[in-house]
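Structure record follows, encoded as structure tokens.
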2 protein chains.
Amino acid sequence: MTETAVGSAGVESAAQSKSQQAYAAVKARIIEGTYTPGYRLVLAKIAEDLGFSVVPVREAIRRLEAEGLVKFERNVGATVSGIDPTEYLYTMQTLSIVEGAATALSAPLIDSVAIARARAVNAEMRECLEHFDPVRFTALNQDFHSVLFEHCPNPHILDLVHRGWNRLASLRSSTFRFVPGRAQESVREHEALLQLIENAADADTIEKAARQHRAATLDAYLSTTT
Amino acid sequence: MTETAVGSAGVESAAQSKSQQAYAAVKARIIEGTYTPGYRLVLAKIAEDLGFSVVPVREAIRRLEAEGLVKFERNVGATVSGIDPTEYLYTMQTLSIVEGAATALSAPLIDSVAIARARAVNAEMRECLEHFDPVRFTALNQDFHSVLFEHCPNPHILDLVHRGWNRLASLRSSTFRFVPGRAQESVREHEALLQLIENAADADTIEKAARQHRAATLDAYLSTTT
DNA sequence: AGGTACGAAATCGTATACGATAACTATGAC
DNA sequence: GTCATAGTTATCGTATACGATTTCGTACCT
């Protein structure tokens, strides 16, 4: 685990089309931060970089545009989506909703083994707080929720969660908006969430808790700016 | 109102790229049912139809794929997404969640004029029931909810709603899964929803009602098959 | 000096062309 | 009669090429 880019598209094994390769390559560069927000994505340049022609690269960029990672302007070009506070709010709010739903739907299918694994991840997160390692903290945070979502019965919703995560990653929000107090709270909320799941709390309670968990991070950010 | 294809992409006015034109054209054909589920989308053929080359058409198809309207298989081709009952369930469940959220977020911003317009639409829907006009009923149903979502503060969520609608339209679900009793119920639920909004019920109540409104249609379908 | 207009460079959008892959068909063996 | 196999056709995937549009720089005018 602890991968960076998440999503349903990186599953293929053997004969990947160049279009897919280009998609994966550019996406990875955005997620990992090689291409930072505002970065100008010149088709010909990327094509040369990868050794492809422009056509598959163009296709890849368009796909990234559909996911919101890239902005494309006619006859002008593509840029990595920027750090618009409004966009951040929209994304977090949407994530809050879809994560809440995904958690509630998954909860009845989470067994004690998975719970234990989630606890282990959460313990690692606690360690990260001591060593102050925000990057790893964020990765582990995704791992934590990924464990819960392992048997999510609705792949569409899971896909929406992944899109949100990728979007946040491209915004690099986790690193520069690392509100210290919030992280500790987050770890505590994880434990509380696990207990709700263990005790088979009703779906509504779990959904509210999961939703609030994300919403609280948004609130923490909003309180720093306003 | 009473348009067929909904979405954020049809806003451009003047110089549309051929890629966008192709996207709009194919999308419209899928929504209106010219291309039915399972229909084989041959790039060269569509390109000839529109008078374009294959490149922009290909791009358009890929975009439709990202929205779930089309399935694309490497070296095989594209087909209009089919009537998979599982997909239907996923889509309806997801819609239930995002519509619920969109309604709750929009509710405080809906004024009495909008309420009146929504009531008018709902009255038309009631008429449709007497004349048995399922196609128009579905269109009006979208209109009804569109009125409520007019000032939705989160465009991302609204976009998800539109994607769900388009997907359902491509499945032609409304026409052949028209459970008679359900439609009457739906109209009643609309009125109930309007009253909740008028009385400024709390967000949670409104969200649950809106969510249940969609979920009930899914349940009605499930009860007919199982 | 500042602004405007013209021209050059960069980049995008699309067409055409061709190699690669899969689907189809026909032929022959068992 | 059925199955396997080889050849053909259809279609996709990608490269290359060129026209269209924007952007940037420079020279000229006020």
Side-chain angles (χ1 to χ4, degrees), chain A residues 9-27 29-30 34-82, chain B residues 9-27 29-30 34-82:
Chain A
V11 236
E12 289 80 345
S13 52
Q16 277 202 115
S17 73
K18 300 199 176 182
S19 162
Q20 284 173 307
Q21 286 177 257
Y23 167 76
V26 175
K27 183 174 178 177
R29 279 173 176 69
I30 293 175
T34 309
Y35 297 156
T36 50
Y39 186 93
R40 182 82 185 282
L41 296 167
V42 179
L43 295 181
K45 217 169 169 185
I46 296 174
E48 198 184 59
D49 253 37
L50 298 171
F52 301 160
S53 108
V54 291
V55 179
V57 173
R58 187 183 165 82
E59 212 168 273
I61 301 279
R62 280 248 120 107
R63 188 161 161 202
L64 290 167
E65 186 196 16
E67 293 180 16
L69 291 178
V70 161
K71 252 183 73 174
F72 209 100
E73 220 175 330
R74 165 149 165 112
N75 279 326
V76 174
T79 53
V80 177
S81 292
Chain B
V11 237
E12 289 79 346
S13 53
Q16 276 201 114
S17 73
K18 300 200 175 180
S19 161
Q20 284 173 305
Q21 286 178 257
Y23 166 78
V26 176
K27 183 173 178 177
R29 279 172 175 70
I30 293 176
T34 310
Y35 297 158
T36 50
Y39 186 93
R40 183 82 184 282
L41 296 167
V42 179
L43 295 179
K45 217 169 168 183
I46 297 174
E48 200 186 20
D49 254 38
L50 299 171
F52 301 160
S53 107
V54 291
V55 180
V57 173
R58 187 185 166 81
E59 211 168 273
I61 300 280
R62 280 250 120 105
R63 187 160 160 203
L64 290 167
E65 186 196 15
E67 292 180 15
L69 292 178
V70 161
K71 251 183 72 174
F72 208 101
E73 219 175 329
R74 160 144 168 118
N75 280 326
V76 174
T79 53
V80 177
S81 292

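Each chain gets a letter, A, B and so on, in the order its sequence line appears, and its residues count up from 1.
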What's L41(B) touching, base or sugar-phosphate or nothing? Going by heavy atoms closer than 4.0 Å.
sugar-phosphate
Separation of dG13(D) atom C1' from E73(B) atom CD, nearest Å, is 15 Å
Results of side chain to side chain contact (heavy atoms under 4.5 Å, CB included) for A47(A) - residues two or more places apart only:
V54(A), V57(A)
For the pair made of CD in Q20(A) and P in dG13(D), what is the distance, rounded to whole Å?
9 Å
Hey, mind stepping through L41(A) and V80(A) against side-chain contact (heavy atoms from CB on, under 4.5 Å) and telling me if it holds?
CA-CA 7 Å; L41(A) 296 167; V80(A) 177; 4.1 Å; yes
R62(B) CZ to dT14(D) C1', straight-line distance once rounded to whole Å
12 Å
Which residues pass the side chain to side chain contact (heavy atoms under 4.5 Å, CB included) test with A25(A), sequence neighbours left out?
R29(A), L50(A)
With sequence neighbours left out, write down each residue that passes salt bridge (Lys or Arg N to Asp or Glu O under 4.0 Å) with E48(A), or none if nothing qualifies.
none
In whole angstrom, give the distance that lies between atom CZ of F72(A) and atom P of dC12(C).
7 Å
Under the criterion side-chain contact (heavy atoms from CB on, under 4.5 Å), I'd like the reasoning laid out for S17(A) against E59(A): C-alpha separation, chi angles, the key distance, then a yes or no.
CA-CA 11 Å; S17(A) 73; E59(A) 212 168 273; over 6 Å; no
Check the phosphate of dG13(C) against R58(A), side-chain N and O only, distance under 4.0 Å to OP1 or OP2. Yes or no?
yes
What is the separation between atom CD1 on I46(A) and atom P on dT11(C), rounded to the nearest whole Å?
12 Å
What protein N or O atoms touch nucleotides 18-21 of chain D N or O atoms at under 3.5 angstrom, if any, and at what distances?
{"unit_1": "dT21(D)", "atom_1": "O3'", "unit_2": "N75(A)", "atom_2": "ND2", "d": "3.4"}

Could you pull out the protein-nucleic contacts involving nucleotides 5-7 of chain D (nitrogen or oxygen on both sides, under 3.5 Å)?
none

Rounding to an integer number of Å, can you tell me how far R40(A) CZ sits from dT22(D) P?
13 Å
Output one line per pair: protein atom, nucleotide atom from nucleotides 15-17 of chain D, and distance, for all N/O pairs under 3.5 Å.
{"unit_1": "dA15(D)", "atom_1": "OP1", "unit_2": "K18(A)", "atom_2": "NZ", "d": "3.4"}
{"unit_1": "dA15(D)", "atom_1": "OP1", "unit_2": "S53(A)", "atom_2": "N", "d": "3.4"}
{"unit_1": "dA15(D)", "atom_1": "OP2", "unit_2": "S53(A)", "atom_2": "N", "d": "2.6"}
{"unit_1": "dA15(D)", "atom_1": "OP2", "unit_2": "S53(A)", "atom_2": "OG", "d": "2.9"}

